[in-house]
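These figures come from a predicted structure and were not determined experimentally. In what follows, chains carry the letters A, B, and so on, assigned in the order in which the sequence lines appear, proteins first and then strands, with residues in each chain numbered from 1.
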Protein chains: 2
Amino acid sequence: MDAVQGDPRSAARPSDACRTRVVLDIVGDKWSLLVVRNLKDGPRRFTELKRAIDGISQRMLTVTLRSLERDGILTRTVHDVMPPHVSYELTEIGVTLREATAPLLEWSVAHLARIDEARAVYDARRDPSMTS
Amino acid sequence: MDAVQGDPRSAARPSDACRTRVVLDIVGDKWSLLVVRNLKDGPRRFTELKRAIDGISQRMLTVTLRSLERDGILTRTVHDVMPPHVSYELTEIGVTLREATAPLLEWSVAHLARIDEARAVYDARRDPSMTS
DNA sequence: CCGTATCCAGATGGATACTG
DNA sequence: CAGTATCCATCTGGATACGG
């Protein structure tokens, strides 16, 4: 809680932790990144998102959208017609966030195979499926 | 589980979810990103990391390091001397991962104020601290 | 010094049923 | 259509104690 004393070569100052925390608080959960990516081509309705994001429950879509709305990543617009019609759209900040996540997504595409391989090697050493 | 049929304009195919999942499985937890960032200047010992990352418990540092090792993000090297000495270092892949996360960190720095503001506005509307 | 083991509280998220 | 409410299983991570 107090200021860092001692040698400053040690890497992380509290603000460092703070920055990573901010990002993870926004997109570190199970669905946020997926929602943000699904809004890349413009506004989408609740049900469209529900169908596009495979496996998400109604509750989690609502929770995720509310959280992103609170953070100013997207806007929620109610069109008061029958039947009810609600659309979600990235804000300017939301667009910049999506762009900032792009390298990470590309990274995962580029290295997915290597990661699977590394995991297999690691697991094989610890759990060699050997008899007795 | 089966192939997507119907109109392809709907944004996310299963592989999309898969990619985001891969990334979040690696750095989506509470400490991984912090550990990766703390290894940016070269190898660090367990205790160095422990002191550098404020608030992390011994258990979580171990768990996080094991996970990153399994994914091929870092290497664990035991120097068999007295007292015991273990050092951790980013692999080539680990370095690329750190680079891929940089935009996201910069994004959080650039937009932190706007996000706080957005949250305050949102909360003020829903919880106006009004009497009855 | 560098862990592992155990226990436990709180957060996360899925299923289901109900509403304007 | 677009939610909300409730309940519950699972996961995450912190505290503590102990071991090589």
Side-chain angles (χ1 to χ4, degrees), chain A residues 1 10 17 20-35 38-39 43-71 74-89 122 125-127, chain B residues 1 10 17 20-21 23-36 38-39 43-71 74-89 122 125-127:
Chain A
M1 294 305 178
S10 295
T20 70
R21 191 62 51 230
V22 171
V23 169
L24 291 177
D25 278 353
I26 296 175
V27 297
D29 62 0
K30 196 169 177 183
W31 301 108
S32 291
L33 223 49
L34 246 21
V35 169
N38 266 279
L39 291 174
R44 291 278 179 247
R45 295 176 53 175
F46 188 88
T47 321
E48 287 179 313
L49 290 170
K50 176 92 170 61
R51 268 180 306 144
I53 303 173
D54 201 69
I56 196 170
S57 66
Q58 211 159 22
R59 186 182 107 89
M60 286 318 297
L61 182 53
T62 302
V63 169
T64 304
L65 287 168
R66 286 292 180 283
S67 172
L68 292 171
E69 186 195 0
R70 184 173 109 98
D71 294 340
L74 52 78
T75 57
R76 175 176 184 268
T77 308
V78 180
H79 307 272
D80 216 344
V81 296
M82 271 304 282
H85 183 135
V86 181
S87 64
Y88 296 89
E89 184 170 19
Y122 185 93
R125 287 200 316 211
R126 293 195 28 123
D127 168 31
Chain B
M1 289 306 177
S10 295
T20 69
R21 191 63 51 231
V23 169
L24 291 177
D25 278 353
I26 296 176
V27 296
D29 62 359
K30 196 169 177 183
W31 300 109
S32 291
L33 223 50
L34 247 21
V35 169
V36 169
N38 267 278
L39 291 174
R44 292 277 180 244
R45 296 177 53 177
F46 187 88
T47 322
E48 287 181 312
L49 291 170
K50 177 93 169 62
R51 268 179 306 144
I53 302 173
D54 202 68
I56 196 171
S57 67
Q58 210 160 21
R59 185 181 108 89
M60 287 317 298
L61 182 53
T62 301
V63 169
T64 304
L65 287 168
R66 285 293 179 282
S67 172
L68 292 171
E69 185 195 0
R70 184 173 109 97
D71 294 339
L74 52 79
T75 58
R76 175 176 185 267
T77 309
V78 180
H79 307 272
D80 216 343
V81 297
M82 273 303 285
H85 183 134
V86 180
S87 65
Y88 296 88
E89 183 170 19
Y122 185 92
R125 286 199 317 208
R126 292 195 28 124
D127 168 30

inquiry  = For B/G28 versus A/L24, what's the shortest heavy-atom pair and its separation?
reply    = CA-CD2, 4.4 Å
query = To the nearest Å, how far apart are A/D80 CG and D/dC1 P?
reply = 16 Å
request  = Evaluate the side chain to side chain contact (heavy atoms under 4.5 Å, CB included) criterion for residues B/L65 and B/F46: first the C-alpha distance (whole Å), next the side-chain angles of each, then the deciding distance (0.1 Å), finally the verdict.
outcome  = CA-CA 9 Å; B/L65 287 168; B/F46 187 88; 3.9 Å; yes
Out of C/dG3, D/dT4, D/dC1, whichever nucleotide has its closest atom nearest the side chain of A/T62 = D/dT4
Shortest side-chain distance from A/R45, nucleotide among D/dG3, C/dG3, D/dC1 = D/dC1
ask   = What is the distance from CG of A/D54 to P of C/dG14, rounded to the nearest Å?
value = 12 Å
message = With a 4.0 Å limit, can you tell me whether A/Y88 has a side-chain N or O closer than that to the phosphate oxygens OP1/OP2 of D/dG3?
response = yes
key: Heavy-atom closest contact (B/P43 atom, B/E48 atom, distance)   = O-OE1, 4.5 Å
key: 4.5 Å side-chain heavy-atom contact, A/L74 and A/V35   = yes
Taking only N/O atoms, report every protein-nucleotides 17-20 of chain D pair under 3.5 Å with atom names and distance.
none

message = Given 3.5 Å as the limit, does a donor-acceptor pair link the side chain of B/T62 with the main chain of B/Q58, or not?
response = yes
message = Quick check on side-chain contact (heavy atoms from CB on, under 4.5 Å): which of A/L34, A/I56, A/N38, A/T64 does A/L49 satisfy it with?
response = A/N38
Under 3.5 Å, which N/O atoms of the protein pair with N/O atoms of nucleotides 13-15 of chain D?
from, atom 1, to, atom 2, distance (Å)
D/dG13, OP1, B/K30, N, 2.9
D/dG13, N7, B/R59, NH2, 2.6
D/dG14, OP1, B/K30, NZ, 2.6
D/dG14, OP2, B/W31, NE1, 3.2
D/dG14, N7, B/R59, NE, 3.4
D/dG14, O6, B/R59, NE, 3.1

